[in-house]
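Residue numbers start at 1 and run along the sequence shown.
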Amino acid sequence: QVQLVESGGGLVQPGGSLRLSCATSGFTFRNYWMYWIRQAPGKGLERVSAISNDGYLSRYSDSVKGRFTISRDNIKKMLYLQMNDLTSEDTAVYYCAKPKATVNGEITDLSDLSSWGEGIQVTVSS
């Protein structure tokens, strides 16, 4: 079955950096756009970043553009999120997510995501 396992979260000071990783298995990773989603305390889900199946296209929310970089390794079946210049507003649980098999290309709504990791906590605080 599909498995998505995030790692690399933790506590970091404002201005610091973290690199999240998502190990995947159970599906043909290279065929899918992949996503990082986050949920801050008391807030809804936010689509942070997305990357095309071949890695050539990427998307970012306005809140992270210029600070976060998404990447993937289709050989290792890994998804990454490099997060720089972190602020308290980035404090959230971060999820790696995969679309439904019926989705061709980029999703249009979070309801198109069918598989999620358990999430990993990122806390930005001094």
Side-chain angles (χ1 to χ4, degrees):
Q1 72 275 22
V2 174
Q3 287 194 315
L4 306 171
V5 180
E6 302 94 344
S7 62
L11 174 65
V12 63
Q13 292 187 341
S17 298
L18 281 175
R19 187 194 195 206
L20 302 184
S21 300
C22 175
T24 76
S25 62
F27 65 104
T28 307
F29 181 71
R30 64 179 182 273
N31 288 353
Y32 292 87
W33 279 68
M34 293 294 294
Y35 299 82
W36 285 102
I37 311 296
R38 71 184 181 185
Q39 186 165 30
K43 296 188 178 180
L45 295 170
E46 177 188 8
R47 185 177 125 166
V48 174
S49 187
I51 188 167
S52 61
N53 57 314
D54 58 9
Y56 284 105
L57 297 175
S58 59
R59 308 277 190 254
Y60 300 93
S61 66
D62 288 343
S63 60
V64 307
K65 201 172 294 181
R67 300 186 299 120
F68 289 13
T69 303
I70 192 171
S71 61
R72 64 190 295 161
D73 184 328
N74 282 352
I75 302 298
K76 296 181 179 178
K77 301 180 183 180
M78 295 288 295
L79 180 70
Y80 304 101
L81 186 68
Q82 177 66 44
M83 305 186 295
N84 297 331
D85 194 21
L86 287 160
T87 75
S88 59
E89 298 296 308
D90 298 314
T91 294
V93 177
Y94 286 72
Y95 299 91
C96 167
K98 168 198 168 291
K100 298 174 183 176
T102 53
V103 173
N104 182 22
E106 188 175 1
I107 64 170
T108 56
D109 189 83
L110 293 181
S111 62
D112 289 330
L113 296 171
S114 60
S115 302
W116 299 65
E118 290 190 353
I120 194 157
Q121 179 69 46
V122 171
T123 302
V124 184
S125 175
S126 56

Quick one: does any side-chain atom of [X] pair with a main-chain N or O of [Y] as donor and acceptor, under 3.5 Å?
X	Y	result
Glu6	Cys22	no
Tyr35	Ile107	yes
Asn74	Asn53	yes
Thr24	Met78	no
Gln82	Thr69	no
Trp116	Leu4	no
Tyr60	Ile70	yes

(message) Quick one, Glu46 and Ser63 - any side-chain contact, counting heavy atoms below 4.5 Å?
(response)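 Result yes, sub-4.5 Å side-chain heavy-atom pair found.
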
(message) Is there a side-chain contact between Thr87 and Pro14 in this structure, where contact means two heavy atoms from C-beta onward sitting under 4.5 Å apart?
(response)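 Of all side-chain heavy-atom pairs linking Pro14 with Thr87, none is under 4.5 Å.
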
Identify whether [X] and [Y] are in the same connected component of the hydrophobic contact network (ILVMFWY, side-chain heavy atoms under 4.5 Å).
X	Y	answer
Tyr94	Leu45	no
Ile120	Val48	yes
Val5	Ile51	no

(request) Taking all non-hydrogen atoms of both residues into account, name the closest pair between Gly9 and Val122 and its distance. (result)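 Looking at all heavy atoms of both residues, the closest pair is CA-CG2, 4.2 Å.
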
Please report the interatomic distance [atom1]([X]) to [atom2]([Y]), rounded to the nearest 0.5 Å.
X	Y	atom1	atom2	answer
Arg38	Thr91	CZ	OG1	9.0 Å
Tyr95	Leu20	OH	CG	13.0 Å
Leu113	Tyr32	CG	OH	12.0 Å
Leu86	Asn84	CG	CG	7.0 Å
Ser71	Leu79	OG	CG	7.0 Å
Phe27	Gln1	CZ	CD	12.0 Å

(message) Apply side-chain contact (heavy atoms from CB on, under 4.5 Å) to residues Trp33 and Val103 and explain how you reach the verdict.
(response) CA-CA 9 Å; Trp33 279 68; Val103 173; over 6 Å; no

(message) Is there a side-chain contact (heavy atoms from CB on, under 4.5 Å) between Phe29 and Ile75? Walk through the geometry before answering.
(response) CA-CA 9 Å; Phe29 181 71; Ile75 302 298; over 6 Å; no

If a pair satisfies salt bridge (charged side-chain N to carboxylate O under 4.0 Å, His left out) and one of its residues is in [range], list it, with sequence neighbours excluded.
range	value
residues 62-80	Asp62-Lys65, Arg67-Asp90
residues 97-110	Arg47-Glu106, Arg59-Glu106
residues 20-34	none

(message) Is it the case that over 12 heavy atoms from other parts of the model lie below 6.0 angstrom from the CD atom of Gln121?
(response)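 Count over threshold, so yes.
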
(message) Before you tell me yes or no, could you show the steps for Val12 and Ser17 under side-chain contact (heavy atoms from CB on, under 4.5 Å), namely the whole-Å CA-CA distance, both residues' side-chain angles and the distance that decides it to 0.1 Å?
(response) CA-CA 7 Å; Val12 63; Ser17 298; over 6 Å; no

